[in-house]
Amino acid sequence: MKFATKALVAGLILAGGVAVAKEGVQDPTVKARMDLMGVQSHSVKILMEFAQEKNAFDAAAAEAARADLLASAKDIAAKFEPQATDPVTDALPEIWTQWDDFVAKSNDLVKAAEAVDTTTLAGVQAGMMAVGGACKECHSTYRVKR
Ligand code: HEC
């Protein structure tokens, strides 16, 4: 099935995405937005492990992960708006000079998360490409590449 290739692509997109908030971060506002990204990463990992059939599909667990992903996606703009900074941040200054675009990209993730049908495995598989794409779209413009 085509999903194997797609899953590989999504896996690459998310590579390194399971890290927790960086060690040594001091600014609490920066830490809060890193933690928010950590929630997203955790939810995506759960959904991807179903999509890739690493774990037996569980519609209730998939829906719980999707709900966490959606809630955290809706909170992105609020968490970044304060323009906080920290020596270990990976946030690029373009976030605040191109704020409307940044918010639009967070809304793309909201839409992608809303569209994931967690009632079936096929629905999760179909929906996760757009989710992974939305993460990548924002990171490629607004996050330091490491
Ligand atoms: C609208 C923009 C945007 C979207 C959408 C987005 N991110 Fe991020 N993400 C960022 C920025 C900016 C940072 C860097 C934050 C910092 O270092 O202050 C980041 C950092 C992260 C981090 C590192 C956190 C840490 O502890 O340093 C992870 C993991 C992450 N994102 C996962 C995801 C996942 C998974 C998705 C999709 C479900 C996603 N992000 C969607 C902008 C976004």
Side-chain angles (χ1 to χ4, degrees), residues 3 5-55 57-118 121-146:
F3 190 72
T5 321
K6 289 184 173 182
L8 181 68
V9 174
L12 291 172
I13 290 166
L14 299 169
V18 289
V20 289
K22 264 181 210 58
E23 304 245 334
V25 58
Q26 297 195 341
D27 184 279
T29 309
V30 172
K31 179 161 188 336
R33 73 191 184 208
M34 287 175 171
D35 287 344
L36 183 80
M37 289 292 159
V39 172
Q40 302 206 84
S41 176
H42 181 70
S43 321
V44 164
K45 183 167 180 280
I46 291 168
L47 290 163
M48 284 305 295
E49 284 174 356
F50 288 138
Q52 293 172 307
E53 298 179 56
K54 286 183 182 165
N55 287 329
F57 183 66
D58 174 340
E63 179 54 22
R66 191 191 72 99
D68 285 349
L69 176 65
L70 182 59
S72 58
K74 286 181 174 168
D75 199 26
I76 292 177
K79 284 284 188 294
F80 279 84
E81 202 170 17
Q83 304 199 21
T85 193
D86 187 282
V88 303
T89 187
D90 285 338
L92 292 170
E94 285 76 11
I95 292 170
W96 298 284
T97 57
Q98 297 167 198
W99 179 248
D100 290 351
D101 181 63
F102 182 82
V103 173
K105 285 183 166 51
S106 72
N107 286 334
D108 288 345
L109 176 60
V110 169
K111 283 187 218 124
E114 279 172 347
V116 179
D117 170 12
T118 54
L121 173 60
V124 171
Q125 290 175 330
M128 287 311 286
M129 278 312 290
V131 168
C135 309
K136 182 173 181 277
E137 272 296 308
C138 187
H139 289 168
S140 63
T141 312
Y142 296 113
R143 183 187 177 191
V144 175
K145 280 137 210 90
R146 297 198 183 271

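We number each residue from 1, following the sequence as shown. Note that ligands are numbered from 1 as they come in the structure, with each ligand's atoms numbered from 1 the same way. These figures come from a predicted structure and were not determined experimentally.
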Does ligand 1 have any atom that is closer than 4.0 Å to a heavy atom of L69?
-> yes
Between atom 8 (Fe) of ligand 1 and M37, is there an N, O or S atom separated by less than 2.8 Å?
-> yes
Would you say the side-chain atoms of E49 and N55 include a donor-acceptor pair closer than 3.5 Å?
-> yes
Would you mind telling me if ligand 1 is within reach of the side chain of F80, the backbone, both or neither, using heavy atoms under 4.0 Å?
-> side chain
Atom NZ of K54 with >12 non-hydrogen neighbours under 6.0 angstrom = no
Numbered atoms of ligand 1 (with element) below 4.0 Å of S106, judged on heavy atoms | 1 (C)
Ligand 1 to H139 polar contact by distance, N or O atoms, under 3.5 Å = yes
Before signing off on this row, confirm whether K105 and ligand 1 have an N or O atom pair separated by under 3.5 Å.
-> no
Between the side chain of D86 and the main-chain N/O of D27, is any donor-acceptor distance below 3.5 Å?
-> yes
For ligand 1, the portion of D90 having any non-hydrogen atom under 4.0 Å away | both
Atoms of ligand 1 under 4.0 Å from any heavy atom of V44, numbered from 1 in the order shown, are 38 (C)
Relative to the heavy atoms of Y142, which atoms of ligand 1 are at a distance of less than 4.0 Å?
-> 12 (C)
Using a 4.0 Å heavy-atom threshold (strictly under), name the region of R143 that reaches ligand 1: side chain, backbone, both or neither.
-> side chain
Relative to the ring of Y142, is the ring of F102 parallel (under 30°), tilted (30 to 60°) or perpendicular (over 60°)?
-> perpendicular
What atoms of ligand 1 come within less than 4.0 Å of a heavy atom belonging to F102?
-> 1 (C), 2 (C)
4.0 Å heavy-atom contact, A134 with ligand 1 = yes
Test of proximity, T89 against ligand 1: N or O pairs below 3.5 Å = yes
Of all heavy-atom pairs linking T89 and R33, the shortest is OG1-NH2, 2.9 Å
Any chance you could measure K45, atom NZ, to Q40, atom CD, to the nearest 0.5 Å?
-> 16.0 Å
Closest candidate by heavy atom, reference atom 3 (C) of ligand 1, pool G132, C138, A32 = C138
How far does CG of L109 sit from SG of C135, to the nearest 0.5 angstrom?
-> 5.5 Å
Counting heavy atoms under 4.0 Å, the part of I95 that contacts ligand 1 is side chain
